[in-house]
Number of protein chains: 2
Amino acid sequence: MSRARIKDIAAELGLSPATVSRALSDSGLVAEPTRSRVREAAQRLNYRPNVSARNLRTQRSMAVLMVVRDIGNPFYLDIVKGVEAAAREAGYSVLMGNTENNAEREVEYFDMLRDGHADGMILITGKLPDAESLPEALHDLPVVVALEPIEESGLPHVMIDNIGAAREAVEHLIKLGHKRIAHIAGPIPEAMATLRREGYRRAMQGAGLELRADYEVIGDYQLPSGERHCRQLFSLSEPPTAIFVANDEMAFGAINELRRMSVSVPEEVSIVGFDDIFLSQAFYPPLTTVSQPRTAIGREAMRLLLEVMHGESHTGEIIMMPTTFQTRASTAPLRGASASARTGETVFGKRHA
Amino acid sequence: MSRARIKDIAAELGLSPATVSRALSDSGLVAEPTRSRVREAAQRLNYRPNVSARNLRTQRSMAVLMVVRDIGNPFYLDIVKGVEAAAREAGYSVLMGNTENNAEREVEYFDMLRDGHADGMILITGKLPDAESLPEALHDLPVVVALEPIEESGLPHVMIDNIGAAREAVEHLIKLGHKRIAHIAGPIPEAMATLRREGYRRAMQGAGLELRADYEVIGDYQLPSGERHCRQLFSLSEPPTAIFVANDEMAFGAINELRRMSVSVPEEVSIVGFDDIFLSQAFYPPLTTVSQPRTAIGREAMRLLLEVMHGESHTGEIIMMPTTFQTRASTAPLRGASASARTGETVFGKRHA
DNA sequence: GTGAAAGCGCTAACAG
DNA sequence: CTGTTAGCGCTTTCAC
């Protein structure tokens with residue numbers, strides 16, 4: 001009962017397997033009476049198509065591979081969610097890949113693509129394996145990059161304007177009257193970290209503020225690194241009055257460290273993060289940060305991938321998704337300064353091809 | 001170049017496809033010289049097996065399906081990580097499923113199993129679809145339940161002792177001298193929520209403390225529900241001095257609400273959570289909670305599933321993984337009481353078959 | 001130790 | 001509109 005094949009339905013109804021196949025796939029070339037007889041019999045015999053057979057025949061797997069750098073990082077969750085939802089709607093399943101920043105693993109996933117495990121791939125790894133281990137024609141592979149740019153890959157991207165959003169975040173601090181603004185960056189020279197630092201620099205320069213080398217430190221996106229670098233910044237003879245931190249997790253670390261040093265946030269020091277992860281709002285104080293439309297990025301990446309899999313070329317295309325600046329309680333006017341900062345949220349960014 | 005088949009290697013070497021297949025799969029019945037010639041040619045011609053063809057022939061997919069109730073919940077992340085790691089090591093890929101508590105979706109994933117999308121399934125949904133939509137012989141399907149029990153399913157489980165761990169958490173509060181201990185439960189009548197409440201009740205009764213109906217409230221595991229129920233408990237004429245909250249997210253909500261009410265944690269009220277999610281440690285105050293070995297649960301579930309897929313029967317088997325009680329800063333001795341609470345971490349739970 | 005042949009379940013090209 | 005035929009790429013009898 002549980003393993004009826006097309007052949008069984010054909011036998012049951014005295015039809016050929018081909019007709020049954022056509023009826024089941026709505027090919028239109030089947031007479032209505034036959035069609036419903038087939039559908040009824042399929043239902044009754046509990047027919048389910050065998051995916052391996054179909055995949056072999058059609059040379060497709062109806063699956064996409066979603067490869068992230070660290071599957072344990074909650075940051076990627078909503079993207080997965082968006083990808084999964086859009087994939088389902090299009091009839092695709094999602095295979096999970098986790099590289100753990102391991103080059104061999106990255107190559108493996110490209111191999112899986114070629115082996116027919118999946119028809120396309122969404123890369124959220126911020127990098128590619130070495131050129132020599134990659135297939136010759138990268139551009140011809142159905143691969144879309146999301147979130148973390150892979151520069152000079154020529155692959156289509158779905159991401160945010162990291163420079164612009166970072167700049168907006170720092171300008172918020174400037175409007176609050178801050179001048180001594182430090183930056184805890186991500187793991188430069190990674191692209192995303194570099195872009196956010198660039199946004200910081202442009203905002204500072206745009207306001208005619210000095211770029212001090214001792215106000216720029218490089219972290220690794222993890223919480224302890226936020227603590228450590230915060231301590232370092234406050235050991236300077238002239239510590240900052242505000243810090244723009246490249247991601248929320250390090251920002252949490254910085255805030256906790258300030259609490260330990262009995263420096264109050266935001267009264268004495270303002271902190272701005274980036275990402276708006278789960279709990280950034282529930283944290284104390286609620287974190288002012290840049291919110292990325294993660295689920296939408298996931299959906300958009302999948303939508304773009306579908307187009308690429310259907311043969312459209314999107315080489316070099318970059319889709320920018322809008323970010324939202326969330327003004328919360330971790331930032332406040334510089335004491336003694338008359339500031340004019342906005343409150344609430346501000347949409348930033350546009351979309352172009 | 002990029003799509004060499006077994007046939008191509010055979011032609012290249014003047015062998016039969018059968019021999020090439022055998023050589024590549026180490027079947028042992030191939031002479032050594034032939035074997036290495038084949039391996040060399042495979043390398044040179046960039047041979048990669050076609051998974052659909054192999055799957056069709058072998059009637060397996062070498063993939064497992066991991067179905068969670070809400071893919072956006074960071075709580076499941078480490079489990080995914082464990083499953084993925086163990087699956088990779090065994091040569092399996094992982095397909096993601098997300099039910100969003102939707103019964104139809106749940107059925108779909110069972111169908112995917114039967115359709116050959118995957119060879120086995122790990123369920124982290126806390127429930128099964130209605131009996132009539134399920135295959136007759138549930139026990140014969142390679143399905144393993146993790147984390148959230150599905151009672152009376154007869155399926156093998158990998159989980160923690162929710163009653164025991166909850167009881168230990170509440171006993172910690174009792175040892176600190178607390179007597180007026182309330183409980184914000186999960187969405188009863190769900191199994192996990194019910195078990196944790198049962199642990200609370202047993203601890204209270206075991207210590208001869210009164211079980212007050214107004215000290216038991218039912219939440220939904222989400223943050224706002226923690227805020228709401230905390231407020232409710234503190235509107236009682238005799239508010240609690242400690243709250244055992246069924247999960248960390250609601251505990252964060254409770255702590256935030258207490259802060260708003262200017263009630264200090266842990267000086268005036270102690271809070272214990274459950275789960276030890278990302279940031280429970282970085283939260284302020286760091287949350288005393290029950291830590292689950294999530295990655296290990298994921299690995300163990302996959303390991304068990306492999307055995308089930310290899311034909312072993314594990315009907316009704318329950319594997320209990322040990323929890324660790326994390327004493328952090330959200331709990332303190334009742335003011336005026338002489339307490340004897342432990343500090344640090346305590347391992348709880350055993351493992352049996 | 002190797003080859004020939006069959007077939008997994010499905011779909012598509014070609015006839016009629 | 002329906003049937004016949006072939007074949008996707010692989011593994012596995014069964015012979016030799």
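Proteins get letters first, then strands, A, B, ... in listed order; numbering begins at 1 in each.
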Legend entry - Side chains of B/Glu148 and B/Tyr76, donor plus acceptor under 3.5 Å: yes
Inset, instruction - Compare all side-chain heavy atoms of A/Val145 with those of A/Val158 and state whether any distance is below 4.5 angstrom. - result: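 Not in contact.
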Legend entry - Minimum-distance pair of heavy atoms, taken over all atoms of A/Phe110 and A/Leu141: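 A/Phe110 and A/Leu141 have their closest heavy atoms at CD2-CD1, 3.9 Å.
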Atom [atom1] of [X] and atom [atom2] of [N]: how far apart are they, to the nearest Å?
| X | N | atom1 | atom2 | value |
| --- | --- | --- | --- | --- |
| B/Arg57 | D/dT11 | CZ | C1' | 4 Å |
| A/Gln59 | D/dC8 | CD | C1' | 6 Å |
| B/Arg37 | C/dG1 | CZ | P | 16 Å |
| A/Arg60 | C/dA12 | CZ | P | 9 Å |
| B/Ile6 | D/dC10 | CD1 | C1' | 6 Å |
| A/His117 | D/dC10 | NE2 | C1' | 14 Å |
| B/Leu13 | C/dT2 | CG | C1' | 14 Å |
| A/Asp8 | C/dG9 | CG | P | 9 Å |

Inset, instruction - May I ask you to say what B/Gly116 touches in the nucleic acid, namely base, sugar-phosphate or nothing, with a heavy-atom cut-off under 4.0 Å? - result: nothing
Nearest to the side chain of [X], which nucleotide is it out of [options]?
| X | options | result |
| --- | --- | --- |
| B/Thr19 | D/dG3, C/dC10, C/dT2 | C/dT2 |
| A/Arg5 | D/dC14, C/dG9, C/dT11 | C/dG9 |
| B/Ala18 | C/dA5, C/dT2, C/dT11 | C/dA5 |
| A/Arg22 | D/dC8, C/dT2, C/dA13 | C/dA13 |
| A/Asn50 | C/dG9, D/dC10, D/dT4 | C/dG9 |
| A/Ala53 | D/dT2, C/dC10, D/dG9 | C/dC10 |

Would one find a side-chain N or O of [X] under 4.0 angstrom from OP1 or OP2 of [N]?
| X | N | value |
| --- | --- | --- |
| B/Tyr47 | D/dG9 | no |
| B/Ser21 | D/dC10 | no |
| B/Ser16 | C/dT2 | no |
| B/Arg54 | D/dT11 | yes |

Inset, instruction - Would you mind telling me which residue lines up with the more 5' stretch of DNA chain C, B/Thr34 or A/Ser52, judged by nearest nucleotide? - result: B/Thr34
Legend entry - Over 12 foreign heavy atoms within 6.0 Å of CD, A/Glu104: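 No, because the 6.0 Å sphere around CD of A/Glu104 holds 12 heavy atoms or fewer from other groups.
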Inset, instruction - State whether A/Glu100 and B/Arg88 are salt-bridged, where the test is any N-O pair (Lys NZ or Arg NE/NH1/NH2 against Asp/Glu carboxylate O) under 4.0 Å. - result: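 No salt bridge links A/Glu100 with B/Arg88.
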